[in-house]
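Quick notes on the structure that follows.
The sequence lines fix the lettering, A, B, ..., with proteins before strands; numbering per chain opens at 1. The figures that follow rest on heavy atoms only: side chains count, while hydrogens, waters and symmetry mates do not.
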Amino acid sequence: MNPSVKEIAKSYEPKDVEQKWYSFWMENGFFQPAGDGKEAYSIVIPPPNVTGALHMGHALNVTLQDVLSRWKRMKGYKVLWIPGTDHAGIATQNVVERQLAIEGLNRETLGRDAFIERVWQWKALNGGQIIHQLKKLGASCDWSRERFTLDEGLSKAVVEVFVSLFEEGLIYRSTRLINWCPRCSTALSDLEVEHEESEGKLTYIRYPLLDEHDYIIVATTRPETMLGDTAVAVNPEDERYKGHIGKLLRLPLAGRTIPIIADKEVDPAFGTGAVKVTPAHDFNDEAIAKRQSPHLPFIPVIGQDGRMTANAGNKYAGLDRYDCRKAVVEELKEKGLLTKEDKHTHSVAHCYRCRTAIEPLPTAQWYVDVESMAKDAIDLVRGGKINIIPDGWKNSYFSWMENIRDWCISRQIWWGHRIPVWYCADCATDSGVSQGHYIHVVLLKEINGVTDGTYEELKAAGCSHAEIIANAKTLTIGIQVRPFSGRDELSGCPQCGSANIVRDPDVLDTWFSSALWPFSTLGWPDSTDDLKEVYPTSVLVTGFDILFFWVARMIMMGQKFMKDVPFRDVYIHALVRDETGQKMSKSKGNVVDPLSIIEKYGTDSFRFSLAAFAAQGRDIKFAEERVEGYRHFANKLWNAARFIKLNIDKIMPDGIGTIDEISKEIQTLDAKSLTLPDRWILVRLLQTAEDINKALDGYRFNDASSAVYQFIWHELCDWYIELVKTSFGRNYPNAALTLKCLIYVFDNSLRLLHPFMPFITEELWNSFPQNRQTISLAPYPDAVNLHIAPDTYACDKMSLVIDAISGIRNIRGEFNIAPSKKLHVTIKAAGETLRDNFDFIVDLAKLEALEIGGDVEKKPATMTSVKTGMEIYVSLSGLFDVKAELQRLGKELKKLDTAIVDIEGKLSNMDYMDRAPRAVIEKDKLKYSELIEKRDRIQNNIDKIKKLDK
RNA sequence: AGGCGCGUAGCUCAGUGGUUAGAGCGCUACCUUGACACGGUAGAGGUCGGGGGUUCGAUACCCCCCGUGCCUACCA
């Protein structure tokens with residue numbers, strides 16, 4: 001038994017090795033950046049939601065980043081891959097509120113501080129799940145730098161950015177329509193709503209004119225909003241209504257008097273050409289209202305809870321908006337004002353977190369003025385400071401950025417970064433009114449006989465400032481109230497010094513903190529070594545679904561605050577869909593759980609599949625059979641290692657030294673001391689390494705993975721290992737050298753594969769006597785460090801040998817001759833190559849006798865294979881079938897003829913000869929003569945058979 | 001409505017202005033050969049969605065059509 005090589009099992013069992021090596025990597029800190037002075041390579045992970053569980057999208061995303069990180073680490077870069085999670089404001093709050101509901105509690109009864117405490121508890125208990133799952137994938141992140149968007153440091157960055165932008169006037173407060181989710185009870189940004197086609201009705205309603213016996217019919221998809229109508233608009237060019245403009249209508253049900261107005265955006269072709277205008281509940285109508293002079297009034301009839309307000313009238317107040325719709329339609333029918341209802345599909349906005357239909361509501365919110373930042377961000381991509389790969393996504397990026405609207409960043413929830421803004425209740429507004437008059441408070445409980453009212457009113461009722469603040473369930477700050485922003489907690493009004501200040505109750509959009517991720521994770525706003533060394537990061541790997549949500553905003557914030565891009569490359573990968581191309585979703589029930597795939601096939605096979613699927617610019621249809629295929633690949637590799645070990649024991653039982661020694665020997669020896677297959681496989685290794693490096697350089701993960709697969713299975717295993725059996729079995733004098741060559745190639749194959757399949761490669765690599773601790777820090781093979789000459793001579797000669805073997809196998813296969821039947825073969829070929837490699841041909845083609853010569857003759861009852869530079873005759877006395885053989889050769893002849901006709905057509909075309917490049921013509925001429933020659937030889941053989949075997 | 005992408009072997013997908021158009025899986029035949037049946041050898045299978053155009057030459061470039069998927073949008 002060889003003392004230096006470990007025994008291994010017959011087939012690969014992932015579970016036995018994965019946990020072991022991951023712990024080993026972690027314990028030794030291999031994932032922490034090392035090597036001062038080396039070029040840095042850095043990635044920040046797109047932080048998954050802390051509430052998240054690993055899904056296919058994460059798995060793909062993380063696998064690709066890990067492939068890059070491991071590859072660069074092996075290439076000698078100082079790699080830093082920063083992991084972390086984001087606090088996912090709405091999602092997390094929803095999760096905890098659901099938990100509270102089970103206990104019969106809600107966040108209001110708990111109070112703000114206690115609720116937040118509760119969320120932190122939840123996070124401590126459950127927030128580690130996704131991180132644990134990333135580790136299962138083998139992610140080589142530097143876990144010692146794991147970050148969370150609500151960490152102290154990151155929060156400091158958020159405050160700094162908010163206050164700077166506020167001071168610069170780029171963050172402002174404004175009242176306008178926003179997307180409101182009645183279920184989550186918060187504002188949402190434009191990006192956080194999803195539009196869905198849905199089947200609705202277009203309801204036609206008669207609005208009578210005030211002073212005439214006439215009416216106008218309007219069409220609407222939301223009849224309930226008519227209670228808030230403040231006008232009916234028509235197109236000024238519309239002949240039907242021109243005479244009505246300026247007249248007054250009696251709004252049905254509400255009884256209000258509203259005008260008929262003109263607005264050029266009204267489409268005369270839609271509905272009746274007359275639009276009811278509800279400025280408080282429709283973005284279009286808001287725009288119409290604001291184009292009028294004076295502006296049309298806003299009458300909100302739906303409240304933040306999705307129920308009708310007092311403005312809707314006694315009959316409807318308190319009704320849910322959808323119940324109200326039914327009731328309104330009912331009443332209109334009764335009154336004969338509903339003229340018809342048509343089926344109508346239209347797109348409805350939904351909350352991306354809870355799928356509830358969005359209600360546009362006028363509220364005061366905080367906005368970021370993004371115009372100038374967006375302009376810079378466009379220039380950075382246009383000027384090539386940031387590469388988006390594949391670059392088809394640039395267009396989406398540009399079109400979004402060019403039409404960007406100000407970003408609503410305030411959210412009416414508790415879990416998140418609280419807006420660093422305070423308001424003084426005692427100062428006066430510009431019009432001299434006490435600001436406290438505009439601060440409305442709803443109390444948790446009755447105090448001094450009141451439950452809600454303005455700050456002033458509560459004060460008048462005898463409530464103290466401290467009581468008001470401590471018991472406030474909701475605080476609504478009027479737009480008239482002057483905001484003060486501060487990096488530190490304010491204790492008094494900066495203007496009047498009053499201690500009666502209230503903090504803005506809202507928190508920031510989670511994406512606000514995510515936008516800072518590339519530098520907040522590195523310690524900003526402090527000036528840290530990490531920032532100096534690692535910013536800008538090298539690449540951002542992400543899915544296109546968050547190109548706007550996140551990537552665009554990171555670019556804006558990075559440029560604004562770091563005066564430099566956050567990353568040089570953005571690699572946008574596909575979405576993982578199910579086998580039929582459907583988006584995976586829980587509601588469809590077609591979700592494939594990555595962990596169950598890992599359980600079944602092992603992490604390496606899963607990762608390899610994802611990399612192999614990751615062709616640029618196309619979605620991934622996830623097919624489990626592919627994973628199974630790559631598990632077979634892992635097993636193949638495993639068994640190649642077993643083969644090598646068995647032969648080490650046989651050929652070099654006293655030890656092989658170390659891999660470094662073997663490598664040095666192979667790299668420095670004279671090629672002439674090697675067999676032809678040895679020389680050939682070394683060149684193929686070199687070419688494969690070059691292909692893989694090139695592919696990874698261009699983020700072509702599928703090309704890289706297929707190159708390594710192809711090489712290991714179809715060249716190393718199918719050919720080289722079969723060939724070395726000859727050297728070993730026949731005890732060639734240089735068998736030991738061949739073995740070392742095999743070990744060298746295998747060692748480098750493991751390295752090439754390691755970024756894709758980290759576990760099995762580490763396991764196998766360590767079963768050889770290595771000079772290093774881990775393959776993850778072994779140099780990645782490339783043209784420089786392999787020290788292999790581009791031996792084209794060996795490649796040419798080897799293809800002759802392969803042709804000879806394939807030719808014989810082909811005949812054997814087509815006639816179903818069992819491998820156990822040894823054949824007699826004659827090869828007519830000039831030159832020494834085949835003779836020099838006689839044994840290889842005999843063994844791989846399974847021959848009993850082989851004769852090679854430049855002038856050997858074809859014997860009767862032999863099958864023929866015509867190859868470039870040789871003719872192969874296989875003796876098959878007894879089994880030989882003249883008819884079958886003539887048929888086979890005839891088929892071959894026909895195939896050649898087709899090709900010849902094709903090429904003849906080209907060569908006889910004067911236009912082609914005139915205009916095609918010389919090199920192409922030369923190539924065709926050469927091909928032509930080869931085809932002709934081959935055809936003649938086949939014809940010749942057919943003639944011989946006819947003569948000899950008649 | 002606008003924009004983007006896709007349509008290549010039974011399935012999932014690569015690919016390129018000149019190749020006899022490729023891979024994996026599946027299929028067929030033969031093979032329990034001493035690394036591996038999670039294997040080996042051989043094979044069948046494609047007028048590259050349809051129609052025009054550019055070109056000496058198109059699966060590839062342009063236009064139209066059909067099918068399909070996605071993104072964006074203030075379709076009352």
Side-chain angles (χ1 to χ4, degrees), chain A residues 8 10-12 177 195 202 218-222 225 233 265-267 270-278 282-288 344-347 360 392-393 395-396 399-400 403 544-545 547-548 575 577 579 581-583 601 605 612-613 615 617-623 625-626 628-647 702-703 706 709-710 714 717-718 721-722 725 729 806 809-820 844 846 895-896 898-899 902-903 905-906 909-917 919-921 923-924 927 931:
Chain A
I8 54 177
K10 192 170 174 178
S11 62
Y12 176 54
L177 247 55
H195 293 269
L202 195 56
V218 298
T220 180
T221 52
R222 302 195 60 195
T225 62
E265 292 300 311
V266 176
D267 176 7
F270 189 92
T272 60
V275 193
K276 59 188 268 323
V277 183
T278 322
D282 185 286
F283 290 102
N284 246 334
D285 296 357
E286 179 193 31
I288 292 175
H344 180 65
T345 54
H346 58 140
S347 84
W393 291 109
N395 286 335
S396 303
S399 70
W400 189 73
N403 298 300
F544 64 82
D545 47 334
L547 182 60
F548 310 138
L575 225 61
R577 299 171 180 282
E579 276 175 284
Q582 302 282 305
K583 204 166 170 173
Y601 303 102
S605 318
F613 273 128
R618 186 192 274 266
D619 283 346
I620 294 174
K621 287 185 200 161
F622 187 82
E625 303 87 76
R626 284 285 286 269
E628 191 182 3
Y630 292 124
R631 184 186 65 189
H632 296 173
F633 174 56
N635 193 56
K636 186 77 180 173
L637 183 77
W638 184 262
N639 276 286
R642 288 185 68 224
F643 172 81
I644 294 169
K645 284 163 193 307
L646 288 173
N647 283 286
N702 61 322
D703 285 349
S706 89
Y709 180 96
Q710 188 68 21
H714 297 302
C717 292
D718 285 355
I721 285 184
E722 292 308 315
K725 286 177 183 171
S806 302
R809 282 176 173 176
N810 181 289
I811 289 167
R812 187 192 282 277
E814 284 203 24
F815 288 87
N816 292 335
I817 302 161
S820 52
L844 268 70
K846 304 198 186 304
K895 233 160 100 182
L896 284 169
T898 317
D902 195 54
I903 207 164
K906 271 168 134 185
N909 180 336
M910 291 315 284
D911 285 332
Y912 170 78
M913 297 302 280
D914 279 352
R915 303 196 195 196
V920 171
I921 296 177
K923 211 173 119 195
D924 275 348
K927 199 167 81 190
L931 287 170

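A:Tyr912 approaches A:Lys906 most closely through the heavy-atom pair CD2-O, 3.1 Å. A:Thr220 approaches A:Arg222 most closely through the heavy-atom pair OG1-N, 3.0 Å. For the residue pair A:Ala612 and A:Asn702, the shortest heavy atom distance occurs at O-CB, 3.3 Å. Pairing each heavy atom of A:Ala640 with each of A:Ile721, the nearest pair is CB-CD1, 3.9 Å. Heavy atoms only, all atoms of each residue included: A:Val266 and A:Gly273 are closest at CG1-O, 3.5 Å.
Evaluation of atom-type donor-acceptor distances gives no pair under 3.5 Å for the side chain of A:Lys636 against the base of B:C38. Applying the 3.5 Å distance criterion, the base of B:A76 shares no donor-acceptor pair with the side chain of A:Glu265.
Between the C1' atoms of B:U32 and B:A60, the separation comes to 47 Å (whole Å). Separation of the P atoms belonging to B:A42 and B:C6 is 35 Å when rounded to the nearest angstrom. Nucleotides B:U19 and B:C66 place their P atoms 33 Å apart, quoted to the nearest Å. Comparing B:G10 with B:U47, their P atoms are spaced 8 Å from each other, to the whole Å. Of the C1' atoms belonging to B:A21 and B:A58, the separation is 13 Å, rounded to the nearest Å. On the C1' atoms, B:A29 is 25 Å away from B:G34, given to the nearest whole Å. Between B:A9 and B:G45, the distance separating the two C1' atoms is 6 Å to the nearest Å. Going from the C1' atom of B:U16 to that of B:C61 covers 12 Å, rounded to whole Å.
A:Glu628 comes within 4.0 angstrom of no nucleic acid atom, judged by non-hydrogen atoms across all strands. When heavy atoms are screened at a 4.0 angstrom cut-off, A:Ala219 is found touching base atoms of the nucleic acid. Using a 4.0 Å heavy-atom distance criterion, A:Ala233 is classed as making no nucleic acid contact. Contacts of A:Val277 with the nucleic acid, taken as non-hydrogen atoms under 4.0 Å apart, are absent. Here A:Ser399 lies out of heavy-atom contact (under 4.0 Å) with every strand. Residue A:Ile721 is in base contact, counting any heavy-atom pair closer than 4.0 Å across all strands shown.
Among the nucleotides B:G40, B:G43, B:C25, the one closest to any side-chain atom of A:Glu625 is B:C25. Listed candidates were B:C74, B:G43, B:U72. Nearest to the side chain of A:Glu814 is B:G43. Listed candidates were B:A35, B:A14, B:C71. Nearest to the side chain of A:Asn639 is B:A35. Listed nucleotides B:A76, B:A37, B:A14 differ in distance to A:Asp703; the shortest reach to its side chain belongs to B:A14. Here the nucleotide nearest the side chain of A:Arg809, chosen from B:C71, B:U41, B:A14, is B:U41.
Distance A:His346 NE2 to B:A73 P: 17 Å, rounded to the nearest Å. In this structure, A:Asn403 places its CG atom 11 Å from C1' of B:G2, rounding to the nearest Å. Atom pair A:Ile644:CD1 and B:A35:P shows a separation of 12 Å (rounding to whole Å applied). The NE2-P distance, from A:His195 to B:A76, rounds to 11 Å in whole Å. Atom pair A:Asp267:CG and B:C75:P shows a separation of 12 Å (rounding to whole Å applied). One can place CG of A:Asp282 at 8 Å from P of B:A76, the figure rounded to the nearest angstrom. Atoms OH (A:Tyr630) and P (B:C13) sit 13 Å apart, rounded to a whole Å. A:Arg631 has its CZ atom 14 Å from the C1' atom of B:C25, to the nearest Å.
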If the sugar-phosphate is the primed atoms plus P, OP1 and OP2 and the base is the rest, what is the B/S/- string for nucleotides 28-34 of chain B, using protein heavy atoms under 4.0 Å? -SSS-B-
I need a per-nucleotide contact map over nucleotides 16-23 of chain B, read 5' to 3'. Cutoff is protein heavy atoms under 4.0 Å; write B for the base, S for backbone only, - otherwise. --BSB---
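Across all strands shown, the partner of B:G43 is B:C27, judged by Watson-Crick or G-U wobble contacts whose two distances both fall under 3.5 Å. Judged by Watson-Crick or G-U wobble contacts below 3.5 Å, the nucleotide B:G7 has B:C66 as its partner. Under the Watson-Crick and G-U wobble criteria, each requiring two contacts below 3.5 Å, nucleotide B:C48 is left unpaired. Base-pair partner of B:G22: B:C13 (Watson-Crick or G-U wobble, both distances under 3.5 Å). Taking a pair to require two hydrogen-bonding distances under 3.5 Å in either a Watson-Crick or a G-U wobble arrangement, B:A37 remains unpaired. Searching all strands for a Watson-Crick or G-U wobble partner of B:C61 with both distances below 3.5 Å returns B:G53. Using N1 to N3 plus N6-O4 or O6-N4 for Watson-Crick, or N1-O2 and O6-N3 for G-U wobble, each under 3.5 Å, B:A1 pairs with B:U72.
The side chain of A:Asn810 contributes an N or O atom lying less than 4.0 Å from OP1 or OP2 of B:G43. Regarding contacts with the backbone of B:C75, every side-chain N or O of A:His344 stays at 4.0 angstrom or more from both OP1 and OP2. Listed pair A:His632 / B:G39 meets the phosphate criterion, a side-chain N or O lying under 4.0 Å from OP1 or OP2.
Here the NZ-CG distance, from A:Lys895 to A:Leu931, works out to 12.0 Å after rounding to the nearest 0.5 Å. Distance check, rounded to the nearest 0.5 Å: NZ of A:Lys923 to CD1 of A:Ile903 gives 9.5 Å. Here the CG atom belonging to A:Asp282 is positioned 8.0 Å from the CD1 atom belonging to A:Ile288, to the nearest 0.5 angstrom. Between atom NE2 of residue A:His346 and atom CG of residue A:Leu202 there is a gap of 8.5 Å, rounded to the nearest 0.5 Å. Residue A:Glu722 holds its CD atom at 7.5 Å from CZ of A:Phe643, rounded to the nearest 0.5 Å.
Aromatic ring centres of A:Tyr630 and A:Tyr709: separated by under 6.0 Å.
Using a distance-only test at 3.5 Å, with no hydrogens or angles considered, no donor-acceptor pair links the side chain of A:Asn909 to the main chain of A:Gly905. A donor-acceptor contact shorter than 3.5 Å links the side chain of A:Arg812 to the backbone of A:Lys846. Looking at A:Asp902, its side chain never comes within 3.5 Å of a backbone N or O of A:Thr898 through a donor-acceptor pair.
Comparing A:Asn909 and A:Asn635 against RNA chain B, the residue whose closest nucleotide sits nearer the 5' end is A:Asn635. Between A:Leu575 and A:Arg812, the residue anchored closer to the 5' end of RNA chain B is A:Arg812, taking for each the nucleotide with the nearest heavy atom.
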